[in-house]
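To start, the structure itself, in structure tokens.
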Amino acid sequence: MKKIYSHIKKAALMGLLGLVGMAQTGCSDFLETEPLNDIILENFWTEKADVTSVVNSCYEGLENSDVVTRMGVWGELRSDNMTNGSGTGYALQQILKENILETNSYTNWSSFYKVINYCNTVLYYAPHVNEIDPNFTDSELRATIAEATTLRALCYFYL
């Protein structure tokens, strides 16, 4: 009986030591890995190239076919530079008649607000990058801020 009790004590002690060891290693940074396919905010806005890539995303958003189509419809079509033809769809006819309702497919502004969000992000984080990266000069910061502000203003103009 003493032999069985001794084995139980040893097994309990080993189990307890194992749990303590796992608890100490379980809380270490070894198991905390950052995702490899995502960009982490704290690691992104650190250099001039990061700012440039987001400014390029602003331009890419303006090149989106959704944005270009709506610029034509909201600008040129409504300014009498275009006229109603035989193949004009119902949504465009309604816009020509100034019946702009939320049910019309051309009244979706999400693509413009996406560009505005990119511009606002540049305007928020670019000054911080200027403080960190010595290659990102004050004149480049001012030019970047002017560029993002102009693109944002263009989007608001069409909205």
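Side chains included, hydrogens not; waters and symmetry mates left out as well; all remaining heavy atoms used. Here, residue 1 is the first one in the sequence, and each next residue gets the next number.
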(request) Would you kindly confirm whether Y118 and I145 end up in one hydrophobic cluster when ILVMFWY residues are joined by side chain heavy atoms under 4.5 Å apart? (result) no
(request) Please report the closest heavy-atom contact between N64 and S111, naming both atoms and the distance. (result) ND2-CB, 4.4 Å
(message) Taking salt bridge (charged side-chain N to carboxylate O under 4.0 Å, His left out) as the cut-off, I'd like each qualifying pair that reaches into residues 109-135, sequence neighbours left out, listed once.
(response) none
(request) State the NE2-OG1 distance between H128 and T46, to the nearest 0.5 angstrom. (result) 8.5 Å
(message) If hydrophobic clusters are built from ILVMFWY residues whose side chains come within less than 4.5 Å, do Y156 and V68 share one?
(response) no
(message) Do I132 and V51 land in one hydrophobic cluster if side-chain heavy atoms of ILVMFWY residues count as linked below 4.5 Å?
(response) no
(request) Using the rule that two of Ile, Leu, Val, Met, Phe, Trp, Tyr join whenever any of their side-chain heavy atoms come within less than 4.5 Å, decide whether V55 and W45 are in one cluster. (result) yes
(request) Work out which heavy atom in L141 is nearest to a heavy atom in P127; give both atom names and the distance. (result) CD1-N, 3.7 Å
(request) May I ask you to test the E60-N56 pair for a side-chain heavy-atom distance under 4.5 Å? (result) no
(message) Tell me whether S57 contacts the main-chain N or O of S53 through its side chain, where contact means a donor paired with an acceptor under 3.5 Å.
(response) yes
(message) Is any side-chain heavy atom of N104 closer than 4.5 Å to one of Y90?
(response) no
(request) Any chance you could measure I116, atom CD1, to T121, atom OG1, to the nearest 0.5 Å? (result) 11.5 Å
(message) Between R70 and Y158 (side chain of the first, backbone of the second, donor and acceptor by atom type, cut-off under 3.5 Å), is there such a pair?
(response) no
(request) Enter the distance from D66:CG to N108:CG here, rounded to the nearest 0.5 Å. (result) 6.5 Å
(request) May I ask whether V67 and Y59 are part of the same hydrophobic cluster, defined by side-chain heavy atoms of I, L, V, M, F, W, Y residues being less than 4.5 angstrom apart, directly or through others? (result) yes
(message) With heavy-atom distances below 4.5 Å as the criterion, would you say the side chains of N135 and E140 are in contact?
(response) no
(message) To the nearest 0.5 Å, what is the distance between SG on C119 and CG on L154?
(response) 9.5 Å
(message) If I take atom OG1 from residue T52 and atom CZ from residue F136, how far apart are they, to the nearest 0.5 angstrom?
(response) 7.0 Å
(message) Are M71 and F157 packed together at the side-chain level, in the sense that at least one heavy-atom pair is separated by less than 4.5 angstrom?
(response) no
(request) Measure the CZ-OG1 distance between R142 and T137 for me, rounded to the nearest 0.5 Å. (result) 8.0 Å
